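Beneath this line is the structure, given in structure tokens, with notes to follow.
Atoms considered below: every heavy atom in the structure, side chains included; atoms not considered: hydrogens, waters and symmetry mates. Computed from a predicted structure; not experimentally measured.
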Amino acid sequence: MSPQKKAQLAFASAVTLLLLSGLAAYVTIVRLLESEKWVIHTHQVQVALGDVDSTLGRVGRAGQAYMATGNESRAEDFEAAVSEVPEKLQYLRELTRDNPKQQELRSQLDQAINNSVALFRHSIQLKKTSPRDVAGQENLTRRQLPVASEITSTMEQMRDEEQRLLANRVRLSDRLFALAAAILAA
């Protein structure tokens with residue numbers, strides 16, 4: 001084989017290798033970007049869980065403040081906080097639609113939150129109609145405790161699932177980044 005043919009073959013091989021490396025880098029970077037979108041998605045779910053938790057805290061504080069003071073503005077604060085709950089749960093539902101386990105947990109969370117709000121409303125109504133009914137209030141408080149525990153447990157399970165997903169997604173992103181760097185270096 002003549003030196004010119006060898007040079008042409010070497011050049012063609014180098015261009016082919018360069019094109020294949022470019023294609024491999026492109027595919028890896030596309031996969032890396034997709035992986036990073038899932039990492040961001042997991043963070044969005046974690047923030048949404050925090051928003052639900054924060055709103056429920058406001059619901060509880062406003063309900064307890066009304067029970068302690070009988071101040072009507074606290075009952076209004078309670079209703080204002082309760083009105084935000086469906087929106088927060090809907091956003092969480094949309095974010096977790098890709099994960100059947102999270103959807104099941106979110107359904108349990110919806111039910112527990114609805115039960116909690118109903119008990120708070122009943123307690124507020126009892127305070128308005130029978131302000132001195134201590135036994136009735138104590139009964140409602142006893143009924144509220146397992147519901148609050150269920151909410152906490154369900155949210156913790158959802159957080160744990162998202163943390164597990166985040167760890168897997170970050171690990172995948174790290175591998176893809178290293179692979180993309182290695183391909184580009186080669």
So R74 and D77, side chain to side chain contact (heavy atoms under 4.5 Å, CB included) or not? Walk me through it.
CA-CA 5 Å; R74 298 296 149 224; D77 292 345; 2.4 Å; yes
With clusters defined by side-chain heavy atoms of hydrophobic residues (ILVMFWY) lying less than 4.5 Å apart, directly or transitively, does L18 cluster with L9?
no
Full working for side chain to side chain contact (heavy atoms under 4.5 Å, CB included) between L165 and N99
CA-CA 10 Å; L165 289 170; N99 186 328; 3.4 Å; yes
Distance in Å, Q103 CD paired with D98 CG, rounded so as to fall on 0.5 Å steps
8.5 Å
Whether the side chain of S35 engages the backbone of R31 through a donor-acceptor N/O pair (distance < 3.5 Å, no angle test) should be reported.
no
With no hydrogens and no angle check, do the side chains of E162 and Q102 hold a donor and an acceptor under 3.5 Å apart?
yes
Run the side chain to side chain contact (heavy atoms under 4.5 Å, CB included) test on I113 and V59 for me, step by step, so that the C-alpha distance in whole Å, both residues' side-chain angles and the decisive distance to 0.1 Å come before the verdict.
CA-CA 10 Å; I113 289 172; V59 167; over 6 Å; no
Tell me yes or no: between the side chains of R61 and Q64, is some donor less than 3.5 Å from an acceptor?
no
Counting only N and O atoms by type, is there a donor-acceptor contact under 3.5 Å from the side chain of T55 to the main-chain atoms of D51?
yes
Joint cluster assignment, V147 & L126, ILVMFWY side-chain distance < 4.5 Å:
yes
Quick one: does R175's side chain have a donor or acceptor within less than 3.5 Å of a partner on L172's backbone?
no
Non-hydrogen atoms of G60 and F120 that approach each other most closely:
CA-CZ, 3.7 Å
Run the numbers on E94 and R97 for side chain to side chain contact (heavy atoms under 4.5 Å, CB included), then give the verdict.
CA-CA 5 Å; E94 290 169 12; R97 71 179 174 265; 3.7 Å; yes
Quick check: closest heavy atoms across A112 and I151, and the distance to 0.1 Å?
CB-CG1, 3.5 Å
So how far is it from E150 CD to S116 OG, rounded to the nearest 0.5 Å?
10.0 Å
If every non-hydrogen atom of G63 is compared with every non-hydrogen atom of I124, which pair is closest and at what distance?
CA-CD1, 4.4 Å
Cluster question for you: counting only ILVMFWY and a side-chain heavy-atom cut-off of under 4.5 Å, with indirect links fine, are V30 and L23 together?
yes
Would D133 and Q137 count as having a side-chain donor-acceptor pair, cut-off 3.5 Å?
no
Enter the distance from L166:CG to R164:CZ here, rounded to the nearest 0.5 Å.
11.0 Å
Can you give me the closest heavy-atom contact between S173 and L32, atom names plus distance?
O-CD1, 3.3 Å
Tell me whether Q4 at atom CD has more than 12 heavy atoms from other residues, nucleotides or ligands lying less than 6.0 Å away.
no
Nearest 0.5 Å please: distance from the CD atom of Q44 over to the NZ atom of K37.
12.0 Å
So if you build clusters from Ile, Leu, Val, Met, Phe, Trp, Tyr with side-chain heavy-atom gaps below 4.5 Å, do V39 and L95 land together?
no
L119 with V85, same ILVMFWY side-chain cluster at under 4.5 Å
yes
Mark yes or no for whether N114, through its side chain, and D110, through its backbone, hold a donor-acceptor pair below 3.5 Å.
yes
Minimal heavy-atom distance between L140 and S123, with the atoms involved, is CD1-CA, 3.5 Å
Over all atoms of both residues, closest heavy-atom pair of N71 and Y66
O-CD1, 3.1 Å
For A12, does its backbone N or O pair with a side-chain atom of T16 as donor and acceptor, under 3.5 Å?
yes
Donor-acceptor under 3.5 Å (S2 side chain, K5 main chain):
yes
Spatial distance of atom CG (N139) from atom CZ (R143) [nearest 0.5 Å]
6.0 Å
If I take atom CD1 from residue I29 and atom CZ from residue F177, how far apart are they, to the nearest 0.5 angstrom?
9.5 Å
Going by atom types alone, do E161 and Q157 pair a side-chain donor with an acceptor below 3.5 Å?
no
Sidechain-backbone polar pair: T96 side chain, L92 backbone, donor-acceptor under 3.5 Å
yes
Is it true that the side chains of T42 and R169 contain a donor and an acceptor less than 3.5 Å apart?
yes
